[in-house]
Amino acid sequence: MTTPETLLTIITPAYNEAGNIPLLYQRIEKVLKDEMIDWEWIVVDDHSQDDTFKVISQIAQTDIHIKGIRLARNAGSHMAIKCGLDFCQGHCAVVMAADLQDPPETIPDLIDKWQQGAKVVWAVREQRQGEKANTIGFSRLYYFIMRNIVGIREMPATGADFFLIDKQVICALKQFNEAHVSLLTLITWLGFNQDSISYNKEFRFHGKSGWTLRKKLKLVIDSVTAFSYFPIRFMSYFGFFIALAGFIYAGCVFINGLRGIPVEGWASMMIVILVIGGMQMLMLGILGEYLWRTLDESKKRPRYIIEKAVRIGCETREIGL
Ligand code: UDP
Ligand code: MG
């Protein structure tokens, strides 16, 4: 049961979202005024190029529920959310984007499921308005890989980036300090009692998506390498079958030689060299992806660096100086 003592934290990563934050604030405030619940809103500015932090600071001056953090460099939305979670004080936290694609009016439904005992509640996208076909296709492919190849079958097939987590899950997440990980996959992997509701992802109100193709590809590689050794295992199997095919072919050439059939095939030899050479480079690249992440983790650098904050006691926190 929620009581006026129950504190809900809303965490929003924001990159170039100055045009969206005032309206999002109005909608969140309107929704939560009717709920029997106290709340705080932590907006983490992921080193925006626009006035995002200025807008957050202005709202924070008029409303004590609002807290703001600006990161010193763009760390990606998952790290920005991790930063928000590190400063979260709520009994549960809702993570939602700043662009109004995740309607704040869905928050009471998330809270209902939490009250019924779920520790993680995913808001699963039923429809995605105004999204390009290639964005939806890429997202479906990502969740297919995560469910069927990496083996995290609990991940929603149509994806989710709007969710509620209980304090227990937040405390568990604080024990993880990985640099290259998808936070959503990590939450799914953690276990606990997970439930979902569905919602319609709406049009982006203002600006454009900060998820470039490069960031998306990094997320895919991070997610796969953090939870699976499938690519390495695949390399071993593939190498084995290619070697086997090579030995069989060598046997055929040898037998043909004994029969007096001349050995021909400059073109086929070039194809084999190019294909095998390319595959070897690709496999070295896969090994390199794992190796680089191992090296990066071993450096134990701070995962994010805070440039400035409003209503946050960051002096006791990881500032990375
Ligand atoms: N975001 C961020 N850092 C980034 C890119 C995005 O904090 O480098 C934030 C963004 O401001 C938004 C949320 O992450 O609040 C989701 O991003 P976006 O709407 O661009 O993603 P999409 O809806 O296209 O998946
Ligand atoms: Mg969006």
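Along the sequence shown, residues are numbered consecutively beginning with 1. Numbering of ligands and ligand atoms starts at 1, following listing order.
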Any donor-acceptor N/O pair, D38 side chain to L7 backbone, under 3.5 Å: no
Under 3.5 Å: donor-acceptor pair, side chain of E17, backbone of S48: no
Beyond-backbone contact of Q115 with T6, side-chain heavy atoms, under 4.5 angstrom: no
Polar side-chain atom of R311 near backbone of A60 as donor-acceptor pair, under 3.5 Å: yes
Side-chain touch H65/W41, heavy atoms, less than 4.5 angstrom: no
Atoms of protein origin (N, O or S) under 2.8 Å from the Mg ion (ligand 2): D99 OD2, Q101 OE1
Go ahead and list the nitrogen or oxygen contacts between ligand 1 and the protein that come in under 3.5 Å, distances to 0.1 Å, or just say none.
from, atom 1, to, atom 2, distance (Å)
ligand 1, 3 (N), D46, OD2, 2.7
ligand 1, 8 (O), D46, OD2, 3.4
ligand 1, 8 (O), N74, ND2, 3.2
ligand 1, 8 (O), K215, NZ, 2.7
ligand 1, 11 (O), Y15, N, 2.8
ligand 1, 11 (O), E17, OE2, 2.5
ligand 1, 15 (O), P13, O, 2.7
ligand 1, 15 (O), A98, N, 2.8
ligand 1, 19 (O), D99, OD2, 2.7
ligand 1, 19 (O), R204, NH2, 3.0
ligand 1, 20 (O), R204, NH2, 3.4
ligand 1, 20 (O), S209, OG, 3.1
ligand 1, 20 (O), G210, N, 2.7
ligand 1, 23 (O), Q101, OE1, 2.8
ligand 1, 23 (O), K201, NZ, 3.4
ligand 1, 24 (O), S209, OG, 2.6

Non-hydrogen side-chain atoms of W211 and S139 separated by less than 4.5 Å: no
Lys/Arg cation over aromatic F87: K67, 6.0 Å, 45° cone: no
Rounded distance (nearest 0.5 Å) linking atom CZ of F162 with atom NZ of K201: 10.5 Å
V55 side chain reached by V43 side chain, heavy atoms, under 4.5 Å: no
